[in-house]
Peer 1: 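Pasting a structure below so you can have a look.
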Amino acid sequence: MGDVTNRAERLGQQAQGSDWLDHAIRLGLVAYGVVHLLIAWLAIQLALGDNSGKASSTGAMHQLAQQPLGGVLVWVIAIGMFLLVLWRLLEAALGHRDEDGGKRLRKRLGSAGKAVLYGAIAVSALRVATSSGGSSGQKSSSDSTTAKLMDLPAGQWIVAGVGLAIIAYGANLVRRAWTEKFAEHLDAEGKSGDTGRAYLLFGKVGYVAKGVAIGIVGSLFVYAGVSHESKKSGGLDQALHKVLQQPFGPVLLFAIGIGIGCYGLFCFARARHLAR
């Protein structure tokens with residue numbers, strides 16, 4: 001058993017240090033950045049009064065698919081996101097060997113969680129690329145999942161717990177922005193000079209905006225659990241619509257859209273100056 005484990009560790013080290021994985025990660029990060037830029041554009045359009053598209057990863061894919069060569073680009077995004085899933089799964093299984101005990105376990109669980117997140121976007125892109133995803137699929141899927149959880153014993157508390165976990169993730173993104181912890185994703189060149197300062201600004205603004213948007217999604221789940229109304233939950237599109245309904249909602253939503261766009265630009269910077 002020990003020999004098998006050691007062999008797996010060695011294979012994991014070789015894979016993580018290989019050029020092909022490095023290129024795969026860079027391609028995946030570019031795809032992730034494109035998704036965020038599209039979501040940002042849809043959020044800004046919503047803030048300006050255009051409600052024709054859903055400000056979500058699924059809506060972004062549909063928007064892209066309607067453009068010239070859009071179908072090809074959606075396929076590229078799907079492949080890129082699946083490559084990111086592979087990377088995070090390798091990390092979850094064999095990564096973070098420089099950490100000890102509980103910290104290594106937490107980081108591996110974090111990598112597994114990111115694999116799930118990237119996988120959801122990858123599947124969404126694949127469904128759009130194969131024309132099997134409906135334009136309103138995200139919200140109905142969220143409602144259906146929440147309703148099924150509600151039917152479980154203590155289901156409403158499970159839904160509320162999921163919401164609190166989502167809020168915690170959003171808060172962690174804001175914390176990473178405040179402490180500039182995200183800068184660890186860039187190599188030394190990517191953090192130096194005027195260009196490096198611009199990259200760090202994109203990261204700070206982007207992480208805050210994404211954290212706020214995700215926190216609102218989590219709040220919707222908490223409210224759905226407490227009120228026992230599954231329709232009160234929702235994804236990013238519904239969260240951004242909630243922002244729009246607030247005082248100065250269009251201004252706030254426009255700012256969030258700009259911030260999400262900055263996160264997309266930071267993904268491009270990370271792809272260029274990858275540190276891992």
Side-chain angles (χ1 to χ4, degrees), residues 25-48 50 53-61 63-64 73 77 80-81 84 114 117-118 120-121 124-125 166-218 235-237 239-244 246 248-276:
I25 294 170
R26 292 176 193 272
L27 174 61
L29 287 171
V30 170
Y32 200 41
V34 169
V35 171
H36 281 83
L37 287 180
L38 290 170
I39 293 173
W41 172 249
L42 291 171
I44 290 171
Q45 291 296 101
L46 178 59
L48 296 176
D50 183 357
K54 285 189 173 296
S56 63
S57 58
T58 302
M61 301 304 169
Q63 191 82 0
L64 181 59
L73 292 175
I77 287 175
M81 295 311 301
L84 286 186
K114 290 175 182 178
L117 173 64
Y118 297 155
I121 298 175
S124 175
I166 295 172
I167 291 172
Y169 177 63
N172 185 56
L173 292 179
V174 175
R175 179 191 66 82
R176 291 179 69 84
W178 182 261
T179 61
E180 294 192 357
K181 181 74 172 173
F182 63 87
E184 68 185 4
H185 297 312
L186 300 175
D187 61 19
E189 183 183 353
K191 293 181 281 190
S192 61
D194 292 340
T195 303
R197 282 191 288 274
Y199 291 160
L200 294 176
L201 178 62
F202 290 152
K204 187 177 284 286
V205 174
Y207 271 76
V208 168
K210 187 172 180 179
V212 169
I214 288 174
I216 296 171
V217 173
L236 182 59
D237 182 64
L240 295 181
H241 273 85
K242 287 291 182 183
V243 173
L244 192 61
Q246 307 309 309
F248 304 104
V251 176
L252 292 173
L253 183 55
F254 189 90
I256 289 175
I258 293 295
I260 292 174
C262 285
Y263 186 92
L265 294 176
F266 180 76
C267 289
F268 295 157
R270 188 177 173 188
R272 183 179 181 184
H273 299 283
L274 182 64
R276 62 183 184 92

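Model, not experiment: these values are computed from the prediction. Just so you know, these numbers use all the heavy atoms, side chains as well, and skip hydrogens, waters and symmetry mates.
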Peer 1: Please list, one pair per line, the donor and acceptor atoms closer than 3.5 Å that link side chains of residues 26-41 to other protein atoms, with sequence neighbours excluded.
Peer 2:
| residue | atom | partner | partner atom | Å |
| --- | --- | --- | --- | --- |
| R26 | NE | D22 | OD2 | 2.8 |
| R26 | NH1 | A271 | O | 2.5 |
| R26 | NH1 | R272 | O | 3.2 |
| R26 | NH2 | D22 | OD2 | 3.4 |
| Y32 | OH | K210 | NZ | 2.8 |
| H36 | ND1 | Y32 | O | 2.9 |
| H36 | NE2 | K210 | NZ | 3.2 |

Peer 1: Going by the rule side chain to side chain contact (heavy atoms under 4.5 Å, CB included), which residues pair with A183 if we only count those two or more places apart in sequence or in a different chain?
Peer 2: K191, L200
Peer 1: By the definition side chain to side chain contact (heavy atoms under 4.5 Å, CB included), identify the one residue from I216, V251, L46 that meets it with V243.
Peer 2: I216
Peer 1: Please identify each residue that fulfils salt bridge (Lys or Arg N to Asp or Glu O under 4.0 Å) with E189, with sequence neighbours left out.
Peer 2: none
Peer 1: Taking all heavy atoms of M61 and all of S124, pick out the closest pair and write down the distance.
Peer 2: CG-OG, 4.2 Å
Peer 1: With A255, which residues qualify under side chain to side chain contact (heavy atoms under 4.5 Å, CB included), at least two apart?
Peer 2: none
Peer 1: Kindly write out the residues that satisfy salt bridge (Lys or Arg N to Asp or Glu O under 4.0 Å) with K204, not counting sequence neighbours, or none if the list is empty.
Peer 2: E180
Peer 1: Which pair of non-hydrogen atoms, one from A125 and one from I77, has the smallest distance, and what is that distance?
Peer 2: CB-CG2, 4.3 Å
Peer 1: Considering only distance and modelled atom types, tabulate donor-acceptor pairs under 3.5 Å from the side chains of residues 169-178, sequence neighbours left out.
Peer 2:
| residue | atom | partner | partner atom | Å |
| --- | --- | --- | --- | --- |
| N172 | OD1 | R175 | NE | 3.0 |
| N172 | OD1 | R175 | NH2 | 2.8 |
| R176 | NH2 | E184 | OE2 | 3.0 |
| R176 | NH2 | H185 | NE2 | 3.3 |

Peer 1: List the atom pairs, donor and acceptor, that lie under 3.5 Å between side-chain atoms in residues 259-269 and the rest of the protein, sequence neighbours left out.
Peer 2:
none

